[in-house]
Number of protein chains: 2
Amino acid sequence: MMASVYYRMPPTPATPATPAAPAAPSSPRQAARKKAAIDRMLDPELFKALADPTRLKLLACVLKCGRGCSVTEVAACCSVDFSVVARHLSVLARAGLLSATKDGRTVWYAPRGDALAERFRRLADAIDEWTPAQCCTTTAKLKRTGPRGCC
Amino acid sequence: MMASVYYRMPPTPATPATPAAPAAPSSPRQAARKKAAIDRMLDPELFKALADPTRLKLLACVLKCGRGCSVTEVAACCSVDFSVVARHLSVLARAGLLSATKDGRTVWYAPRGDALAERFRRLADAIDEWTPAQCCTTTAKLKRTGPRGCC
DNA sequence: GCAATACTTGCATGATGGCGTCAGTATACT
DNA sequence: AGTATACTGACGCCATCATGCAAGTATTGC
């Protein structure tokens with residue numbers, strides 16, 4: 001039987017087994033640097049902080065607001081307990097997604113939108129700049145030679 | 001006492017309470033559209049798929065390889081059980097981060113680097129393009145008037 | 001000092017999710 | 001046909017974590 005597609009494969013067409021040689025093949029040293037960039041930007045801690053729906057909603061709230069928000073204020077947007085909101089905001093601040101400034105008895109959580117956008121953009125760049133090309137064998141050749149470690 | 005800083009506040013300087021009016025204030029309709037864009041791009045499912053260190057390592061492996069990889073092959077890179085690798089790759093494919101093509105008895109998981117980069121770049125754009133400005137009161141005014149819902 | 005506000009922290013609970021083992025299915029090879 | 005390969009699915013175990021409640025701390029206002 002012919003190759004059949006699993007799951008969804010939305011907008012962009014499926015990556016062909018042998019990619020159409022993108023850009024120029026970089027030097028091994030440069031390739032290693034770009035590989036390292038991908039590893040560095042693919043930080044589990046960042047994504048863990050963003051993985052919870054409630055936390056994400058709170059982040060969006062502060063982000064859309066644009067100014068510093070107190071915990072009380074953010075909690076007003078959300079149906080969860082106050083302590084939950086306080087904890088989530090603290091997690092987001094610890095992950096560098098919000099900045100926290102204490103003034104008297106209230107804490108102002110301000111969006112770090114620029115930093116966040118910058119982080120995602122760099123990640124996108126790291127992925128884009130990585131031109132695989134010569135790293136391993138092609139899929140076709142692999143079928144003959146059998147599997148081997150790819151990293 | 002003066003305002004003191006919590007946690008870390010790395011590279012970029014702290015967002016001042018009253019931001020230096022970025023760009024031109026958009027129309028309410030346009031503002032709503034940009035807010036919606038942030039909500040749309042801030043998808044918990046995407047981040048959940050990326051939140052696990054092992055899964056992230058496997059994604060990086062396929063990404064760096066650039067070509068389609070079989071489960072067996074990817075499993076060779078990693079110290080975890082074969083079934084774990086298979087499951088992780090399937091999760092990544094379901095999240096649209098890899099494409100899965102079955103050919104005979106082996107499944108080729110190919111990187112969707114372009115789609116992934118595009119997704120992060122759009123997220124960055126959505127955040128960047130959002131100019132808060134007039135959405136709520138400033139932090140300073142808020143201190144006098146007391147907290148109010150921000151979203 | 002006393003009370004109210006703003007937030008933090010500890011604790012119990014329940015849900016989610018990652019992991020390995022093992023059995024099952026589908027395809028390829030001889 | 002029989003065996004090996006490549007993967008999927010169903011359990012159970014365990015760690016992590018999100019949540020709510022309730023008690024504690026720190027600051028402000030009277």
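In what follows, chains carry the letters A, B, and so on, assigned in the order in which the sequence lines appear, proteins first and then strands, with residues in each chain numbered from 1.
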Separation of C/dA28 atom P from B/D103 atom CG, nearest Å, is 8 Å
Nearest heavy-atom contact between B/A31 and B/W130 is O-CZ3, 3.4 Å
Heavy-atom closest pair (B/A126 atom, B/I38 atom, distance to 0.1 Å) is O-CG1, 3.7 Å
Same apolar cluster: B/L46 and B/V91, side chain cutoff 4.5 Å: no
Closest to the side chain of B/T72, out of C/dC7, D/dT19, D/dA6, is D/dA6
Polar pairs (N or O, both sides) under 3.5 Å between protein and nucleotides 10-12 of chain D?
| residue | atom | partner | partner atom | Å |
| --- | --- | --- | --- | --- |
| D/dA10 | N6 | B/R87 | NH1 | 3.4 |

In whole angstroms, the gap separating C1' of C/dG18 from CG of B/L92 amounts to 14 Å
A/K57 NZ to D/dT19 C1', in whole Å, measures 14 Å
Show your working on salt bridge (Lys or Arg N to Asp or Glu O under 4.0 Å) between A/E45 and A/K48 and close with a plain yes or no.
CA-CA 5 Å; A/E45 295 311 313; A/K48 258 192 239 177; 3.5 Å; yes
Does B/E129 offer a backbone N or O that forms a donor-acceptor pair with the side chain of B/K34 under 3.5 Å?
-> yes
Item checked: Candidate pair B/S90 and B/H88, rule side-chain contact (heavy atoms from CB on, under 4.5 Å), full reasoning -> CA-CA 5 Å; B/S90 128; B/H88 277 314; over 6 Å; no
Note: for B/V71 and A/K48 on DNA chain D, the residue whose nearest nucleotide lies more 5' is B/V71
Rounded to the nearest 0.5 Å, the CG atom of B/L42 sits from the CD1 atom of B/I127 at a distance of 6.5 Å
Item to complete: Using only side-chain N and O atoms of B/H88, determine if any of them is under 4.0 Å from OP1 or OP2 of C/dG17.
Response: no
Nearest heavy-atom contact between A/V74 and A/C69 is CG2-CB, 3.6 Å
The bend of the helix from C/dG1-D/dC30 to C/dT30-D/dA1, taken between the axes of its five terminal pairs at each end and rounded to 10°, is 20°
From CG of A/D81 across to P of D/dA23 the rounded distance in Å is 14 Å
A/A110 and A/V62 have their tightest heavy-atom pair at C-CG1, 4.1 Å
Taken to the nearest whole Å, CD/A/E73 to C1'/C/dA6 is 13 Å
With sequence neighbours left out, the residues meeting side-chain hydrogen bond (donor to acceptor under 3.5 Å, both in side chains) with B/D43 are none
Q) Counting only N and O atoms by type, is there a donor-acceptor contact under 3.5 Å from the side chain of B/R112 to the main-chain atoms of B/G96? A) yes
note: A/R94, atom CZ; C/dT9, atom C1'; distance rounded to Å ~ 12 Å
Tabulate atom names and distances for all N/O pairs under 3.5 angstrom spanning the protein and nucleotides 2-5 of chain C.
| residue | atom | partner | partner atom | Å |
| --- | --- | --- | --- | --- |
| C/dT5 | O2 | A/R105 | NH1 | 3.0 |

Requested in this report: Under 4.0 Å between any heavy atoms, over every strand shown, what does A/D52 touch: base, sugar-phosphate, or nothing? Just pick one.
Outcome: sugar-phosphate
Quick one: does A/R55's side chain have a donor or acceptor within less than 3.5 Å of a partner on A/L92's backbone? no
Below the 4.0 Å mark, does C/dC19 have OP1 or OP2 next to a side-chain nitrogen or oxygen of B/T54? yes
**Prompt:** So, A/D39 and B/K57, do they make that salt bridge, N to O below 4.0 Å?
**Reply:** no
Rounded to whole Å, CZ of B/F82 lies from P of D/dA6 at a distance of 8 Å
Expected list for residues 38-45 of chain A near DNA chain C, using heavy atoms below 4.0 Å, is none
Return all side-chain donor-acceptor pairs below 3.5 angstrom for residues 78-87 of chain A, not counting sequence neighbours, or 'none' if the list is empty.
| residue | atom | partner | partner atom | Å |
| --- | --- | --- | --- | --- |
| A/D81 | OD2 | A/S83 | N | 3.0 |
| A/D81 | OD2 | A/S83 | OG | 2.9 |
| A/S83 | OG | A/R87 | NH2 | 3.4 |

From CG of B/L50 across to C1' of C/dG17 the rounded distance in Å is 15 Å
